[in-house]
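Predicted, not measured: the structure shown is a model, and the values here were computed from it. Heavy atoms only: backbone and side chains are in, while hydrogens, waters and symmetry mates are out.
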Amino acid sequence: MKPYRIPQLAKPYTDYDMIQRHAELPPFSDGRGHLLYIFLNHSSSAGPQNGELFTLVTGLVQLGLDTHESIDRSQDEPGDDPMRSRQLKVLAGDYFSSWFYHLLAKRGQIEMVGVLSTAIADFNVMKSHLYSKMKGMLLSAEQYLRHTVQLNMRLFLSFTPMIEDSLAELWEMLLAEFSQCETALLELRRGSDAGSATQGYCYWKVLETSTEDERRLLLEQDLDLKDWKKLKLKSKCDSLLMDKLHGSLQSIQGLLQGVKDENLISELSAALDRLLLQMKISGQAAVEG
């Protein structure tokens with residue numbers, strides 16, 4: 001099997017100076033993508049070339065959805081930098097997502113356009129339900145994280161019918177753990193700043209443990225970074241997220257112990273090593289933040 005190179009293949013579609021200069025993009029779904037690439041290439045119905053193509057377009061769609069999700073919804077005067085950042089993120093998200101139509105159609109994969117389009121529609125419905133619960137303050141931190149993990153699995157789960165029957169259960173279990181890892185890493189990153197943390201896991205966890213005065217400041221978004229860090233520490237947000245990371249890591253290692261195919265275990269171990277590197281970098285960033 002060819003080496004995993006999806007992040008490199010995605011760069012011509014994602015690396016633009018103007019976007020990088022004025023807007024911070026969310027991370028590429030590397031862990032989930034690597035996992036999808038491995039299982040598609042062990043499926044007779046996908047084939048090596050299609051496995052790479054399907055993983056690339058799924059990563060681009062996911063990046064588009066995540067870019068839209070990262071838009072700051074606060075109100076700013078037109079013409080300032082935050083406004084430009086929001087505008088660029090809207091355009092960038094649409095641009096990333098549009099590539100999946102072009103790349104699949106160019107290769108004659110019209111059926112897969114429909115599969116991913118259905119997954120995107122399902123994703124948006126699930127996201128709408130989550131927003132409704134958030135707006136009504138009907139979520140706990142654990143519920144928020146569980147819903148977000150399910151959202152981050154949705155596009156990738158659309159490929160389950162293409163996975164070999166003997167590997168389908170392993171695929172879904174590993175996808176759930178990889179998705180939890182990448183979601184927790186993103187929440188660690190989101191929670192490092194009081195502004196970007198609003199409505200994230202740390203926000204909901206702090207709400208659960210805060211005093212009435214602290215809740216008022218949170219709801220009014222009237223906290224500086226120093227106060228936010230104190231509340232996060234009090235609620236043990238980062239340590240709880242790191243515990244979830246390590247718990248998923250242990251589950252992944254346990255699942256890999258049951259794999260008998262030497263080629264498959266080698267490829268999955270390489271994906272795990274990449275994930276461990278991401279965890280190390282994000283864990284260091286959380287400590288420094």
Side-chain angles (χ1 to χ4, degrees), residues 4-37 40 50-74 82-107 109-131 134 147-160 175 178-179 181-183 185-187 189-190 196 198-200 278:
Y4 173 72
R5 55 177 188 150
I6 301 303
Q8 291 78 16
L9 292 176
K11 283 186 178 297
Y13 308 104
T14 62
D15 286 6
Y16 285 92
D17 290 343
M18 180 175 288
I19 295 175
Q20 294 176 347
R21 193 162 53 240
H22 297 288
E24 183 180 2
L25 295 178
F28 196 74
S29 51
D30 192 40
R32 284 163 287 164
H34 199 167
L35 202 64
L36 176 62
Y37 178 71
L40 285 179
N50 285 339
E52 194 165 74
L53 173 65
F54 294 165
T55 305
L56 172 61
V57 297
T58 305
L60 291 172
V61 174
Q62 187 68 60
L63 182 60
L65 294 170
D66 292 343
T67 300
H68 282 161
E69 173 64 17
S70 70
I71 296 171
D72 181 3
R73 295 173 178 80
S74 61
M83 175 64 76
R84 174 179 290 183
S85 175
R86 288 204 301 274
Q87 291 171 338
L88 280 172
K89 284 182 176 180
V90 171
L91 293 173
D94 291 344
Y95 177 72
F96 299 150
S97 297
S98 70
W99 273 109
F100 98 87
Y101 291 102
H102 176 79
L103 292 172
L104 288 174
K106 186 178 179 181
R107 294 276 290 274
Q109 295 290 338
I110 306 304
E111 183 179 353
M112 190 51 60
V113 171
V115 170
L116 272 176
S117 296
T118 298
I120 293 169
D122 290 345
F123 177 97
N124 288 328
V125 170
M126 293 167 67
K127 176 63 75 173
S128 178
H129 289 163
L130 177 58
Y131 280 159
M134 292 166 68
H147 282 297
T148 305
V149 170
Q150 291 171 350
L151 276 168
N152 289 337
M153 293 174 62
R154 180 60 191 92
L155 296 185
F156 297 85
L157 280 174
S158 63
F159 291 93
T160 299
L175 179 63
F178 271 70
S179 298
C181 284
E182 289 195 315
T183 302
L185 289 172
L186 183 60
E187 292 298 331
R189 174 179 171 179
R190 190 205 301 265
S196 65
T198 304
Q199 304 301 310
Q278 291 181 51

For a 4.5 angstrom cut-off between non-hydrogen side-chain atoms, does [X] reach [Y]?
X	Y	answer
Thr58	Val61	no
Phe156	Leu36	yes
Leu63	Pro26	yes

Would Thr148 and Leu186 count as a side chain to side chain contact (heavy atoms under 4.5 Å, CB included) if you check the C-alpha gap in whole Å, the side-chain angles of each, and the deciding distance to 0.1 Å?
CA-CA 11 Å; Thr148 305; Leu186 183 60; over 6 Å; no

Going from [atom1] on [X] to [atom2] on [Y], what distance comes out if it is rounded to the nearest 0.5 angstrom?
X	Y	atom1	atom2	value
Gln109	Leu53	CD	CG	6.5 Å
Ile6	Gln8	CD1	CD	8.5 Å
Met153	Thr160	CE	OG1	8.0 Å

Grab the two heavy atoms, one from [X] and one from [Y], that are nearest each other, plus how far apart they are.
X	Y	value
Asp30	Pro7	OD1-CG, 3.1 Å
Phe54	Leu40	CB-CD1, 3.9 Å
Phe28	Leu60	CE1-N, 4.2 Å
His68	Lys89	CD2-O, 3.7 Å
Leu56	Tyr13	CD2-CE1, 4.1 Å
Asp122	Arg154	OD2-NH2, 2.6 Å

Between [X] and [Y], is there a donor-acceptor pair closer than 3.5 Å when you use the side chain of the first and the backbone of the second?
X	Y	value
Ser97	Gly93	yes
Arg32	Asn152	yes
Gln62	Leu155	no

Taking side chain to side chain donor-acceptor pair (under 3.5 Å) as the test, write out the residues that go with Tyr95, two or more places apart.
Tyr16, Trp99

Under 3.5 Å, side-chain donor or acceptor atoms of residues 110-120 against the rest of the protein: list the pairs with distances, not counting sequence neighbours.
residue	atom	partner	partner atom	Å
Ser117	OG	Val113	O	2.7
Thr118	OG1	Gly114	O	3.0

Going through the distances and angles, do Arg5 and Glu52 end up as a side chain to side chain contact (heavy atoms under 4.5 Å, CB included)?
CA-CA 8 Å; Arg5 55 177 188 150; Glu52 194 165 74; 2.9 Å; yes

How are the rings of His34 and Tyr4 set to each other: parallel, tilted or perpendicular (split at 30° and 60°)?
parallel

So Asn124 and Leu65, side chain to side chain contact (heavy atoms under 4.5 Å, CB included) or not? Walk me through it.
CA-CA 9 Å; Asn124 288 328; Leu65 294 170; 4.2 Å; yes

